[in-house]
Amino acid sequence: MNTKLTLAALCLLPLSTQFAMAEEAPEKPALTMSAELGFLFKSGNTKSGDLKAGFNLKHEQDQWLNVFAINAIAKKLEEENDDGEKEFVSTDNKWDLTAQTNYSLEQDGKNYLYGSLAYQQDKFSGFVSQSSLSVGWGRKWYKTETSSFFADIGPGVTHDVHRSKGASGTPAYVAETSDTNAIIQAQALYTNQLNEFVEFKQYLVAKQAFESDKNSIYKSETSLTAKLMDSLQFKFALRVDYDTEVDAEYENTNTETSVTLVYSF
């Protein structure tokens with residue numbers, strides 16, 4: 001009898017160990033944050049070396065997903081001061097923020113409702129500021145252990161404040177005009193964990209104006225992130241911004257190529 005009990009206990013031992021390990025496994029945190037810092041090289045309306053900083057926040061709980069991101073760029077140029085000495089000074093800057101809330105229509109379901117907000121100030125471009133608001137429907141088209149693809153679409157509105165350059169001998173910027181447009185916004189995000197250390201991301205967004213002569217906005221950001229240690233990553237990113245309606249003094253397309261270090265906490 002004792003022999004049978006001993007054998008039964010030995011058979012159950014692996015199962016009990018698995019249950020204990022499952023109970024001890026850390027749960028995925030509801031709130032995650034990251035900060036990044038690095039250098040950026042631009043082409044388009046400006047060609048310069050800049051300093052880039054960013055902060056990202058993600059909160060996921062029950063059927064809610066909230067994301068927030070803010071990025072800033074400081075442009076430094078070497079100029080000669082009154083004493084004839086050269087020094088680096090900050091001349092222009094750019095910053096933007098995006099926020100989005102998703103609500104899943106089913107528990108662990110694929111369909112969700114979203115609301116998104118974006119705002120940008122850019123002294124490099126033909127716009128003093130650009131902002132947008134959109135609500136609509138999205139779907140998690142697929143999600144595996146290593147990759148995922150989310151996309152959403154909905155109506156919205158944009159508000160652009162245009163900057164116009166002055167003539168020679170006048171202040172650099174003498175005129176500002178603004179317009180508000182109805183849009184259809186479509187977004188897509190593809191992620192792929194290429195291996196244990198490297199992750200690929202592709203983000204696309206289109207803000208299509210209903211009227212053909214109004215400004216439509218298209219953005220793309222492609223990035224590769226390599227893990228250096230548990231909380232530190234190396235990130236290479238290429239961002240392309242395209243506006244359909246800009247003044248003749250400015251280019252429609254602006255690109256940013258950046259290399260940053262990302263710290264997660």
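- Every residue meeting the ring-ring contact (aromatic ring centres under 6.0 Å, His included) condition with F127, not counting sequence neighbours, appears here in chain and number order: H162.
- E36 pairs by the salt bridge (charged side-chain N to carboxylate O under 4.0 Å, His left out) definition with K235, not counting sequence neighbours.
- The list of side-chain hydrogen bond (donor to acceptor under 3.5 Å, both in side chains) pairs with a residue in residues 58-67, not counting sequence neighbours, reads N66-T101.
- Put simply, the side chain of I153 reaches to within 4.5 Å of the side chain of I184, judged on heavy atoms.
- Under a hydrophobic clustering in which Ile, Leu, Val, Met, Phe, Trp and Tyr are joined whenever their side-chain heavy atoms come within less than 4.5 Å, directly or via other members, F200 and F197 fall into the same cluster.
- Every residue two or more places apart in sequence or in another chain was checked for a side-chain hydrogen bond (donor to acceptor under 3.5 Å, both in side chains) with S231, and none qualifies.
- Summarising the geometry, atom CG belonging to D152 is positioned 7.0 Å from atom CD belonging to Q185; distances are rounded to the nearest 0.5 Å.
- For the atom pair S125 OG and E251 CD, the distance stands at 12.0 Å (nearest 0.5 Å).
- Applying the side-chain hydrogen bond (donor to acceptor under 3.5 Å, both in side chains) rule to D243 yields the partners Q130, N215; only residues at least two apart in sequence or on another chain are considered.
- Both L31 and I70 belong to a single network of hydrophobic side chains, linked directly or stepwise wherever heavy atoms of I, L, V, M, F, W or Y lie under 4.5 Å apart.
- At least one donor-acceptor pair closer than 3.5 Å links the side chain of S216 to the backbone N or O of A209.
- Side-chain contact check for S258 versus R239: every heavy-atom pair is 4.5 Å or farther apart.
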**OP:** Applying side chain to side chain contact (heavy atoms under 4.5 Å, CB included), run through L194 and E199 and close with a yes or a no.
**Re:** CA-CA 6 Å; L194 301 178; E199 182 183 49; over 6 Å; no
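- Distance check: F68 CZ to L117 CG gives 9.5 Å after rounding to the nearest 0.5 Å.
- Residues satisfying the ring-ring contact (aromatic ring centres under 6.0 Å, His included) test with W137, not counting sequence neighbours, are none.
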Determine all donor-acceptor pairs shorter than 3.5 Å in which one atom belongs to a side chain in residues 221-229; sequence neighbours excluded.
{"residue": "T222", "atom": "OG1", "partner": "Q202", "partner atom": "OE1", "Å": "2.5"}
{"residue": "T222", "atom": "OG1", "partner": "Q202", "partner atom": "NE2", "Å": "3.4"}

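- Distance check: N93 CG to L51 CG gives 12.0 Å after rounding to the nearest 0.5 Å.
- Residues A118 and T98 come closest through the heavy atom pair CB-CG2, 4.0 Å.
- When every heavy atom of S147 is checked against every heavy atom of Y142, the shortest pair comes out as OG-CE1, 3.5 Å.
- Counting heavy atoms from C-beta outward, T180 and T158 have side chains that stay 4.5 Å or more apart.
- Judged by distance alone, the side chains of K207 and S132 do bring a donor and an acceptor atom under 3.5 Å apart.
- A donor-acceptor pair is defined here as one N or O able to donate and one able to accept, closer than 3.5 Å; such a pair exists between the side chain of Q193 and the backbone of N195.
- Across every non-hydrogen atom of D160 and S131, the tightest pair is OD1-N, 4.5 Å.
- With a 4.5 Å cut-off on side-chain heavy atoms, L113 and L105 count as touching.
- Checking side-chain atoms of T255 against main-chain N and O of V240 turns up no donor-acceptor pair under 3.5 Å.
- Between Y203 and Q187, some side-chain heavy-atom pair lies under the 4.5 Å cut-off.
- Clustering ILVMFWY residues whenever any of their side-chain heavy atoms sit less than 4.5 angstrom apart, transitively, puts L232 in the very cluster that holds F236.
- Qualifying ring-ring contact (aromatic ring centres under 6.0 Å, His included) partners for Y263, counting only residues two or more places apart in sequence or in other chains: F265.
- Interatomic distance, D122 CG to D96 CG, rounded to the nearest 0.5 Å: 8.5 Å.
- Take Y119 and apply the side-chain hydrogen bond (donor to acceptor under 3.5 Å, both in side chains) test, not counting sequence neighbours, and it matches Q121.
- Residues that satisfy the side-chain hydrogen bond (donor to acceptor under 3.5 Å, both in side chains) test with S148, not counting sequence neighbours, are T191.
- The distance from the CG atom of L37 to the CG atom of L261 is 7.5 Å, given to the nearest 0.5 Å.
- Taking 4.5 Å as the limit, some side-chain heavy atom of K94 sits within range of a side-chain heavy atom of Q120.
- You'll find the side chain of Y218 stays beyond 4.5 Å of the side chain of D241, heavy atoms only.
- Counting non-hydrogen atoms of neighbouring residues, nucleotides and ligands closer than 6.0 angstrom, the NZ atom of K219 exceeds 12 such neighbours.
- Within 6.0 Å of CG on D230 lie no more than 12 heavy atoms contributed by other residues, nucleotides or ligands.
- Atom CD of E196 has 12 or fewer heavy atoms from other residues, nucleotides or ligands within 6.0 Å.
- A search for side chain to side chain contact (heavy atoms under 4.5 Å, CB included) contacts involving N102 returns L65, Q100, Y112, Y114, not counting sequence neighbours.
- Of all the heavy atoms in K140 and S104, the pair that sits closest is NZ-OG, 3.9 Å.
- Under the ring-ring contact (aromatic ring centres under 6.0 Å, His included) criterion, F55 pairs with no residue, sequence neighbours left out.
- Of all non-hydrogen atoms in S34 and S264, the two that sit nearest each other are CB-OG, 3.9 Å.
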